[in-house]
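If you're wondering where the values come from, they're calculated on a predicted model, not measured in any experiment. Order of appearance sets the numbers: ligands from 1, and atoms from 1 within every ligand.
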Amino acid sequence: MGIHNNVNFIINVKSLVETLQRETVVIADYGDDSYELVYCNTAASKFLGYSEDDSIEDFGDNLFQFVYPADIARVQEAFKAAPFDHYSADTYRLVNKDGQAIWSLGHHQRFVVDGQECIFITFTNVHEIIGAQLKLASDNDKWLDILNTIPVGLAIYSIAGGVTTTIAVNDMLVAFSNVVGRQLDGDHRDWSSSELMMIFNQDIYAFCTKEDKHFVTEMLEGSLTQPITECTFRLRGSTDTRTVHIRSYCCSKEVDEGRRNYYVTFQNATRDILQEQALIRNQEKLIRLSYHDTLTGLQNRNAYNRYIAQCRRERIWNVGIAFCDLNGLKQANDELGHLYGDKLIVKFSELLEKYFESSSLFRISGDEFVIVQPEVDHQSFKHLMTGLIAEVSENHNLASIGYIWRESLTDLKVRVNQAEELMYIEKQRYYEATKTITSKHRPLLLNTLLDELLNNRYVMYLQPKAYIDSTTPIGAEALVRKVDASGKIIPPYEFIPLFERERLIPKIDFLMLEETCKFLEEQTEKGNDKFKVSVNMSRVTMAENNFLDTVREICGRYNFAPGTLELEITESNQTMDNNRLSDYVLQLRKEGIGVSLDDVGSAYSSLNLFVMEGIDTVKLDRSFMLQLDTPKMFTLVKYVINLAHELGMTVIAEGVETDEHRQKLADLGCDMYQSYLLSAPVPKDEFIARWLS
Ligand code: C2E
Ligand code: MG
Ligand code: MG
């Protein structure tokens with residue numbers, strides 16, 4: 001709950017309510033009879049007896065405290081029945097600040113604001129009318145005295161066998177009929193009081209439009225079981241060109257055996273109803289407002305998020321994506337004023353619109369724009385982008401732009417991020433070229449890495465894992481290697497620490513994950529669905545906002561046996577808290593992905609994660625093995641193995657370089673090993689040739 005903390009949402013709700021100029025509250029409908037009061041305008045606060053200083057919104061989800069207890073069930077029904085394309089009306093009692101119950105007419109209509117289903121309710125005070133009507137019904141003997149105290153038109157009917165007999169009408173009804181009659185027919189017709197008797201007195205249905213007659217019937221019949229019923233219906237004039245909306249309230253009472261009186265009031269509700277209809281039309285405006293940027297008219301961040309969500313459900317094809325960031329907007333705002341800044345933004349949006357349809361354009365923040373153009377071939381997109389970029393640079397280098405093209409994609413966000421990284425490289429160039437702007441150093445490293453990734457310079461090596469007393473691999477670890485321009489293989493310790501520091505390591509980790517999934521899919525296709533492969537995940541990668549989504553997205557693209565993929569994580573709580581990590585581990589397990597604890601015994605490790613639910617394997621670091629011959633280290637390793645076993649985990653020893661060490665570990669009960677004794681990491685093809693064909 002708590003949608004009322006969403007500023008955008010409240011702004012949108014307000015803009016809708018204010019057009020209505022009525023006592024209005026807005027409730028969020030969370031389903032399952034759970035509602036929250038999210039907005040209440042001043043008029044509605046007053047209606048309930050509160051002043052402007054009382055913030056009714058603070059009452060939050062305890063909404064029903066404002067409803068008279070006997071009417072709660074009715075109000076719940078009314079909320080449930082609130083329609084989308086129209087409104088429903090119900091009469092019930094609301095309790096004001098002084099504890100008084102006030103008969104109120106509520107109009108209910110459903111809207112979706114910022115993705116949240118809401119019911120807009122407007123209140124009309126009908127206490128006086130209904131109070132008098134009820135008094136009239138209960139004080140049957142004195143009705144003649146009471147009749148003319150009722151502030152609106154009222155008639156008392158007795159209905160038997162479909163025939164209406166009028167018992168009495170008040171003076172107000174006479175006046176009302178004259179006015180309504182004139183509204184309907186102007187001077188075409190003589191609305192004398194005898195004529196009006198025809199309308200309201202003789203037959204309640206007489207001037208009601210055919211389509212609305214059943215509303216009147218429902219109101220009359222409803223009064224047999226409910227204290228008060230309500231309906232609106234239209235009156236037709238003799239020329240049928242004008243309509244007047246009438247609102248009636250009805251209560252009824254059995255007066256003698258088998259004889260029942262109906263006390264029906266009549267009010268002109270045309271103005272109210274036209275206003276409600278305007279509200280419905282306003283929804284279109286609201287939708288436009290919440291999905292478009294007012295300065296440029298382009299789609300805004302809400303629209304962008306909605307589009308991203310949509311792309312997750314439906315793959316898009318032949319799509320060009322660009323990320324644009326205005327150059328020097330902050331400086332322009334600071335030095336030349338915001339009006340000038342706005343001009344730059346509008347100018348750039350106009351350039352965009354010259355090349356792309358507005359349905360492809362989003363302004364996602366002050367100075368950032370995204371282009372997503374589906375169904376465009378690579379050449380055409382490139383052509384459009386070249387044109388745009390040339391024009392942008394003619395216009396004082398208005399913006400830096402990065403773009404990519406993909407044949408098909410599901411995760412748009414990942415691709416937009418790629419375009420964004422390319423934009424940063426452009427930005428770096430712009431900073432370098434523009435002397436007036438102090439460099440923000442976007443690293444050249446990124447430039448280089450992206451280039452290297454494009455040229456497939458990073459490759460997967462695999463190192464086998466086997467049971468401690470066997471030499472037959474049952475699994476492997478994926479380890480990255482870089483191939484430099486001369487074909488030389490560069491080991492990970494030469495580049496991984498740098499990439500971690502510059503937060504570029506996710507690119508490598510996700511590449512290895514993808515390579516591993518591909519490998520597992522090939523193995524599964526060959527019927528080898530038991531072979532497990534683990535991938536290293538840096539803490540930096542796991543701290544990325546959409547880490548899990550990215551893992552899911554990558555895994556989802558390949559078909560491999562569940563339980564064959566494992567992620568190796570290092571123990572540290574530097575970049576993320578253990579709660580989040582624990583949540584990740586459980587989520588990964590649910591998806592059939594195992595999690596192991598890497599580097600146990602190295603400088604990074606502590607025992608924190610040993611007890612985390614869902615981690616099934618620990619990997620003893622090579623540093624343990626280096627000193628295995630010392631009695632102290634031997635004891636430590638013995639206890640670590642025992643501890644892991646007691647906690648239900650499998651133990652793998654890394655860096656076991658001699659058979660003597662392997663034997664020692666076997667004696668201590670270590671389950672598996674991964675070491676040069678079996679093999680150093682080798683390229684994938686070699687691995688397959690040696691062990692899997
Ligand atoms: P790690 O995950 O603990 O991987 C095990 C390392 O121990 C590998 O080094 C492996 O070659 C080495 N090793 C295994 N058995 C022996 C042995 O008997 N003797 C010796 N001397 N070494 C052995 P590698 O491939 O150089 O990787 C080093 C580290 O780089 C990895 O340690 C891991 O932390 C990191 N790394 C490698 N690939 C990736 C990756 O794709 N992503 C991330 N984030 N880190 C990676
Ligand atoms: Mg590892
Ligand atoms: Mg390790």
Side-chain angles (χ1 to χ4, degrees), residues 449 452-453 457-466 468 471 473 475-483 489-519 532-544 547 550-551 554 565-572 574-575 594-605 609 615 617-628 640 650-662 665 670 672-684 686-687:
L449 173 62
E452 289 169 346
L453 285 170
R457 291 248 174 262
Y458 294 90
V459 296
M460 178 178 74
Y461 272 44
L462 290 166
Q463 185 178 35
K465 299 175 189 171
I468 196 83
T471 51
E477 174 172 7
L479 293 154
V480 66
R481 294 291 182 268
K482 178 174 158 182
V483 188
I489 304 295
I490 319 278
Y493 65 82
E494 283 193 22
F495 54 89
I496 289 217
L498 181 63
F499 285 161
E500 285 202 320
R501 210 169 49 238
E502 296 294 330
R503 316 236 135 211
L504 292 172
I505 191 71
K507 301 219 167 302
I508 301 280
D509 286 350
F510 290 134
L511 174 71
M512 285 302 111
L513 176 64
E514 175 126 30
E515 291 296 307
T516 301
C517 291
K518 214 182 279 172
F519 173 85
K532 289 187 177 186
V533 181
S534 59
V535 190
N536 292 288
M537 282 294 146
S538 157
R539 281 164 274 122
V540 175
T541 306
M542 296 192 72
E544 277 228 321
F547 168 72
T550 311
V551 170
I554 294 172
L565 175 66
E566 187 178 283
L567 302 187
E568 297 193 5
I569 61 174
T570 41
E571 189 170 15
S572 161
Q574 278 175 9
T575 37
V595 179
S596 62
L597 198 51
D598 204 356
D599 301 339
V600 171
S602 77
Y604 300 110
S605 71
L609 297 195
I615 295 182
T617 307
V618 295
K619 299 191 78 183
L620 303 184
D621 194 63
R622 197 167 81 93
S623 53
F624 270 146
M625 304 310 139
L626 294 175
Q627 298 178 57
L628 194 61
V640 171
T650 303
V651 182
I652 305 184
E654 283 182 336
V656 189
E657 287 187 344
T658 63
D659 202 52
E660 190 196 337
H661 277 177
R662 190 194 54 77
L665 287 160
C670 179
M672 295 172 67
Y673 69 124
Q674 171 191 337
S675 82
Y676 288 1
L677 268 186
L678 277 167
S679 162
V682 295
K684 170 182 159 179
E686 189 179 331
F687 189 93

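The backbone N or O of S538 lies less than 3.5 Å from a partner atom in the side chain of D509, making a donor-acceptor pair. A distance-only check finds no donor-acceptor pair linking the side chain of T617 to the backbone of T650 [under 3.5 Å]. At distances below 3.5 Å, at least one donor-acceptor pair connects side-chain atoms of Q463 with backbone N or O atoms of S679.
Salt-bridge annotation for K619 and E477: present, with a side-chain N of the basic residue lying under 4.0 Å from a carboxylate O of the acidic one.
Looking only at side-chain heavy atoms (C-beta outward), M537 and F547 come within less than 4.5 Å of each other. Taking the side chain as every heavy atom from C-beta outward, V483 and I489 approach each other to under 4.5 Å.
Every residue meeting the side chain to side chain contact (heavy atoms under 4.5 Å, CB included) condition with A466, not counting sequence neighbours, appears here in chain and number order: S470, Y673, L678. Considering only residues two or more places apart in sequence or on other chains, F687 meets the ring pair (Phe, Tyr, Trp, His ring centres under 6.0 Å) condition with F531, W691.
Rounded to the nearest 0.5 angstrom, S675 OG and I652 CD1 are separated by 11.5 Å.
For a heavy-atom separation below 4.0 Å, the residues in contact with ligand 1 are Q463, E477, L479, V480, R481, P492, I496, D509, M512, N536, S538, E568, D598, D599, R622, E654, G655, V656, E657, Q674, S675, Y676, P681.
Excluding waters, the protein N/O/S atoms found under 2.8 Å from the Mg ion (ligand 3) are D598 OD1, E654 OE1.
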